[in-house]
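Here's the structure we're looking at; comments come further down.
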Amino acid sequence: MTTAQAGVVIVGAGPAGLVLGSLLLNRGIDCVILERRSRAAVEGRARAGFLAAHSVRVLTENGLAAGLRAHGRTHTSCLFRSDLGEFTLDYAKSGEGEAHTVYPQQQLVRDLVAEYLRRGGEIRFGAEVAEISEGAVRVHDGTGVTARYTAGCDGHRGVGRAALTSRGIRTARWDHGVSWLAVLVAAPPSMEAVGYALHERGFAGHMARTASVTRYYLQCPRGTDPADWSDDRIWAELAIRLRTDEFGPLHHGPVLEKAAFDLRSDVLESPGAGRLWLAGDAAGLISPSAAKGANLAILQAELLARALEGALAHGDETGLARYPADCLPRVWRAHEFSHWMSGLLHGPAGQDDKARYGRQLQYARLESLRTSRTHQDFFAENYTGI
Ligand code: APR
């Protein structure tokens, strides 16, 4: 096997790996990123797009925010619809709330790749890591990299997580019992803000991305085949659940992508040990109800960069030893809120007594949010904080 050497080998060029790579280069730590897919595939994948103020601060302080400052859109409120009506929650004005920056993740990834390369970093695209062992990673093509530390930023099905669980590190896991059809359309947003619609047919969500691209979500049964959802069916269902007859426009456009997925969450009991440390989805997957995934990835990359700098530049591993305790309480708070939000957005299916009871609780929670300052402050702090 041909091997190269680095201080840190990072597996995966998603938000976690790319932010970590740039932060390490800023601190003079040499690293190499191995990414199994092509550059075009990594830069073209539409995913999240909702950046919390903390994420924007980390990116700004590290010279990674030029694109999002120029093209990102500021969101300070979100909107709820149900058969009780419509209301807007100005979370940036409530309690500890702050604004979000909406910037499509593929644009952020494009900026991060460009900036990492500009700083002299090395990324090998098309390099799928087969195995991580103490101080070395082996790539499928027979090459390898030896490094003092490995950062597993390779998502929730990656080899980083598998290497840790095979050492006995356990996972806490939750299935929210809910699935979403995620639809990306070439149409301007239909509302000013993020929109959450509660409906007895299921949840519908509206997320502005850019002036010409919008993301919608429709709660759908488990096992839904996106092929069963024609464009007409999608628009008809969105119109019903978003109550556009009553509340106004639904801007149509070609459907660019549609995919169904189950809402699941999990957290590894430790995001690393010894010479292998994880960040992002590798360390834990969070359901998208509160759009925390990319923000947790950036937070963990920031904490891990600092800890790795301590170890590599100053020979001090206390930061690494503390990394789990630094991460986990924040990760769990994000999960707790995401879980709460999932309960707000999804009522139980069916018409039996239990389902009716559950739906009334859902509406009571929404009503608290509409009328109670305390509930609004709770929402604002948790929705925007990380
Ligand atoms: N070898 C090399 N690369 C790999 C391997 C492997 N064996 N396995 C996975 N990868 C790559 C994937 O191709 C992907 O580009 O790791 C990267 C992981 O990136 P993401 O899945 O984007 O994960 P992460 O960086 O943790 O970002 C997480 O961003 O999209 C949002 O909300 C979403 O929560 C998610 C967050």
Side-chain angles (χ1 to χ4, degrees), residues 9-23 32-52 55 59 100 102-110 112-113 116 123-133 136-141 143-145 150-164 180 182 184 207 209 215 217 257 259 261 263-268 271-272 276-305 327 331 334-335 338 386:
V9 55
I10 299 171
V11 185
L18 289 165
V19 170
L20 177 64
S22 277
L23 267 55
V32 50
I33 302 181
L34 303 177
E35 165 57 51
R36 69 172 168 178
R37 293 179 311 146
S38 67
R39 181 170 178 176
V42 169
E43 293 184 342
R45 194 164 53 142
R47 293 179 82 194
F50 215 50
L51 293 169
S55 304
L59 296 168
H100 280 104
V102 178
Y103 188 55
Q105 188 168 311
Q106 67 273 31
Q107 273 170 249
L108 177 65
V109 163
R110 232 171 280 156
L112 292 172
V113 170
Y116 176 83
I123 308 186
R124 291 194 214 155
F125 290 102
E128 179 162 4
V129 170
E131 193 188 0
I132 297 176
S133 52
V137 302
R138 187 171 60 76
V139 180
H140 272 293
D141 64 8
T143 61
V145 180
T150 302
C153 301
D154 50 344
H156 72 287
R157 289 202 193 87
V159 287
R161 170 182 287 218
L164 282 182
W180 283 2
L184 196 69
M207 319 278 142
R209 284 288 180 263
R215 171 74 83 196
Y217 295 111
E257 283 176 19
F261 62 92
L263 271 65
R264 293 205 165 93
S265 300
D266 61 39
V267 180
L268 279 194
L276 172 61
W277 297 91
L278 309 185
D281 280 6
L285 183 68
I286 186 161
S287 82
S289 312
K292 297 283 186 196
N295 296 297
L296 284 181
I298 292 170
L299 169 80
Q300 290 173 323
E302 179 202 18
L303 295 173
L304 186 54
C327 280
V331 167
H335 276 256
S338 235
I386 203 84

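These numbers come from a predicted model, not from an experiment. Atoms within each ligand, like the ligands themselves, are counted from 1 in listed order.
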> For ligand 1, is there an atom lying under 4.0 Å from some heavy atom of H156?
Replying inline: no
Could you tell me which atoms of ligand 1, counted from 1 in the order shown, lie closer than 4.0 angstrom to a heavy atom of [X]?
X    : result
E128 : 1 (N), 7 (N)
G14  : 17 (C), 19 (O), 22 (O), 25 (O)
Q105 : 29 (O), 30 (O), 31 (C)
C153 : 16 (O), 17 (C), 18 (C)
L34  : 2 (C), 3 (N)
G155 : 18 (C)
G293 : 32 (O), 34 (O), 36 (C)

Does a side-chain heavy-atom distance below 4.5 Å link [X] with [Y]?
X    : Y    : result
R209 : Y103 : no
E128 : H140 : yes
L268 : R161 : yes
E131 : R138 : yes
L59  : L112 : yes
I123 : L18  : yes
L20  : C153 : yes
V102 : L51  : no

Rounded distance (nearest 0.5 Å) linking atom [atom1] of [X] with atom [atom2] of [Y]:
X    : Y    : atom1 : atom2 : result
S22  : Y116 : OG    : OH    : 7.5 Å
Q300 : L278 : CD    : CG    : 8.5 Å
L304 : C327 : CG    : SG    : 7.5 Å
E302 : I386 : CD    : CD1   : 11.5 Å
E257 : R215 : CD    : CZ    : 6.5 Å

Tell me, which protein residue and heavy-atom name are nearest [atom], and how many Å apart are they?
atom                    : answer
atom 27 (O) of ligand 1 : P15 CD, 3.5 Å
atom 32 (O) of ligand 1 : A294 N, 3.5 Å
atom 15 (O) of ligand 1 : E35 OE1, 2.7 Å
atom 34 (O) of ligand 1 : D281 OD1, 2.7 Å
atom 3 (N) of ligand 1  : R36 N, 3.1 Å

>> Classify the ring geometry of F50 against H100: parallel below 30°, tilted from 30° to 60°, perpendicular beyond 60°.
In response: parallel
> Heavy-atom distance to atom 10 (N) of ligand 1: which of I33, D154, L278 wins?
Replying inline: D154
Indicate, as side chain, backbone, both or neither, the part of [X] found under 4.0 angstrom from ligand 1 when only non-hydrogen atoms are considered.
X    : value
A127 : backbone
R47  : side chain
A130 : neither
R45  : side chain
V11  : side chain
R37  : side chain

Geometric N/O contact [X] with ligand 1, under 3.5 angstrom:
X    : result
A16  : yes
G280 : no
V129 : yes

